[in-house]
Visitor: 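Sending over a structure as structure tokens; questions will come in a sec.
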Amino acid sequence: MAKEGGYQKVASKNDLKEGGLLRVEPNGKPIVLARVNGKVYAMDAVCSHEGGPLEDGTLEGYELKCPWHYAIFDVRNAKVSDQTVWATDLQSYPVKVDEATGDIMVSLQTTKPADGGGREATVQQQAGQEEEQDSDTLQKKYYEEEERRAADNKLSLELLSKEKLEGTDIMTFKFSRERIDYIAGQYAYFKLDGVQNDSKGPIRHFSIASSPTEQDYVMISTRIRRTPYKQRLALLQEGTKITAWGPEGEFVLQEDRPAVFLSGGIGVTPFRSMIKYATDKQLPVKITMFDSNKTQQDILYKDEFDSWANQNKNLKVIYTVTEEEQHDASWSGERGRIDKSMLERHLTRDEIGEAVFYICGPPGMLKAMQELLQKEMQIPKDRLKVEVFTGY
Ligand code: FES
């Protein structure tokens with residue numbers, strides 16, 4: 001029940017250990033609690049970038065890092081770090097802890113908090129500073145910032161070849177490798193000349209689909225949408241030079257545990273890199289990939305995966321199609337979305353109990369997979385790695 005100043009009990013101090021995060025929903029509003037140096041803080045739980053669940057992020061000191069694209073927020077005031085400008089400030093909320101009962105209470109009345117005028121001034125100032133910016137503008141700003149940070153570390157790559165996956169809008173591009181030194185699963189930035197009027201500007205980042213063991217090229221695959229950037233990319237002539245830099249990203253293979261890859265559509269690109277790398281290096285790590293696509297036609301790199309699965313006894317690839325005609329007798333793979341029973345059909349209990357689960361796909365798929373793993377299957381979040389695939 002709400003008390004004076006709008007405070008209401010949302011949790012007990014026992015629920016939140018030091019350095020921990022906890023999602024609560026007073027009046028249905030998603031809020032994340034963080035406990036640092038014995039003090040409890042409350043802020044919005046939904047990341048301002050693309051809606052990442054901040055309670056699944058990592059907390060280091062006062063810095064809360066979003067699990068999806070690593071925007072950093074200060075839990076004391078919910079402000080986003082200057083280092084991660086692709087997200088915007090969130091709202092923080094006053095917290096009281098009843099030391100006698102251990103009750104944690106949060107007030108949603110952020111403009112007139114009960115705990116002093118200083119706080120009110122801060123909130124109002126923050127609101128005044130907030131700029132209305134759409135996500136494309138923010139993304140553009142983020143890319144510009146990344147380009148500035150890359151400074152002289154940019155490379156000129158030559159387009160060696162391009163290929164379209166028949167019946168789809170997916171294209172694969174191979175560029176000269178130059179000096180890009182990356183770990184399988186990382187991404188890089190690609191800037192094109194001659195992109196006009198694209199709301200996100202002339203830069204995008206793509207997962208590198210090739211493996212570091214493929215010495216001669218860097219490969220990306222993407223859907224060719226009707227944006228000026230994508231149209232320009234599709235029309236690039238072989239021999240054209242583009243600017244690239246990177247790599248970045250922490251979505252990389254942990255070699256000391258079995259790996260389960262959950263891929264949605266074009267989100268398969270970093271998995272190709274990791275699978276090819278593990279196969280070429282004959283790594284002893286067991287990899288099981290569930291590759292979900294709408295139709296058989298949409299399955300990218302299928303011939304390669306099938307041939308690597310023949311060479312690599314530690315690799316198993318399960319395809320599932322979500323919109324395929326039920327009566328197509330030629331299809332011997334799975335049907336429907338990845339769910340608990342599908343995972344249990346192909347993984348042993350030990351694998352489920354030990355594996356690191358890697359998820360890459362569109363945001364809706366990530367959310368569904370995170371819920372499946374964490375809520376239905378009680379997989380702890382330190383065994384989940386998530387990458388939002390933004391190359392759409
Ligand atoms: S940084 Fe949080 S959703 Fe992208």
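Both ligands and their constituent atoms are indexed starting at 1 by order of listing. Just so it is clear, the values below take in all heavy atoms, side chains as well, and ignore hydrogens, waters and symmetry mates. Numbers here simply count residues along the sequence, with the first being 1.
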Visitor: Taking both backbone and side chain into account, is any N, O or S atom of C47 nearer than 2.8 Å to atom 2 (Fe) of ligand 1?
Guide: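 Looking at C47, which is the residue asked about, there is an N, O or S atom under 2.8 Å from atom 2 (Fe) of ligand 1.
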
Visitor: Which atoms of ligand 1 are found less than 4.0 Å from any heavy atom of G52?
Guide: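 Heavy-atom distances to G52 below 4.0 Å select 3 (S).
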
Visitor: Need the ligand 1 atom indices (1-based, order shown) with element for anything under 4.0 Å from a heavy-atom of C66.
Guide: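 That gives atoms 1 (S), 2 (Fe), 3 (S) of ligand 1.
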
Visitor: Going by the order shown, which atoms of ligand 1 are within less than 4.0 Å of some heavy atom of A71?
Guide: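 Answer for ligand 1: 1 (S).
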
Visitor: When you look at L157 and W245, which way does the side chain to side chain contact (heavy atoms under 4.5 Å, CB included) test go after all the steps?
Guide: CA-CA 10 Å; L157 308 186; W245 63 92; over 6 Å; no

Visitor: Do we see a donor-acceptor contact under 3.5 Å between the side chains of H346 and E334?
Guide: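 On atom types as modelled, these side chains qualify, holding a pair under 3.5 Å.
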
Visitor: Is it the case that the ring center of Y229 lies less than 6.0 angstrom away from the ring center of F190?
Guide: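 No, they do not, as the ring centres are separated by 6.0 Å or more.
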
Visitor: Looking only at side-chain N and O atoms, does S176 offer a donor or acceptor that is under 3.5 Å from a partner on E178?
Guide: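 Result is yes, a qualifying pair exists.
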
Visitor: Under 4.0 Å from a heavy atom of H49: give me the atoms of ligand 1 that qualify, with their elements.
Guide: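 Answer, ordered by atom number: 1 (S), 2 (Fe), 3 (S), 4 (Fe).
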
Visitor: Are R272 and E214 ion-paired here, with the side-chain N under 4.0 Å from a carboxylate O?
Guide: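 Here R272 pairs with E214 in a salt bridge, since their nearest N and O are under 4.0 Å apart.
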
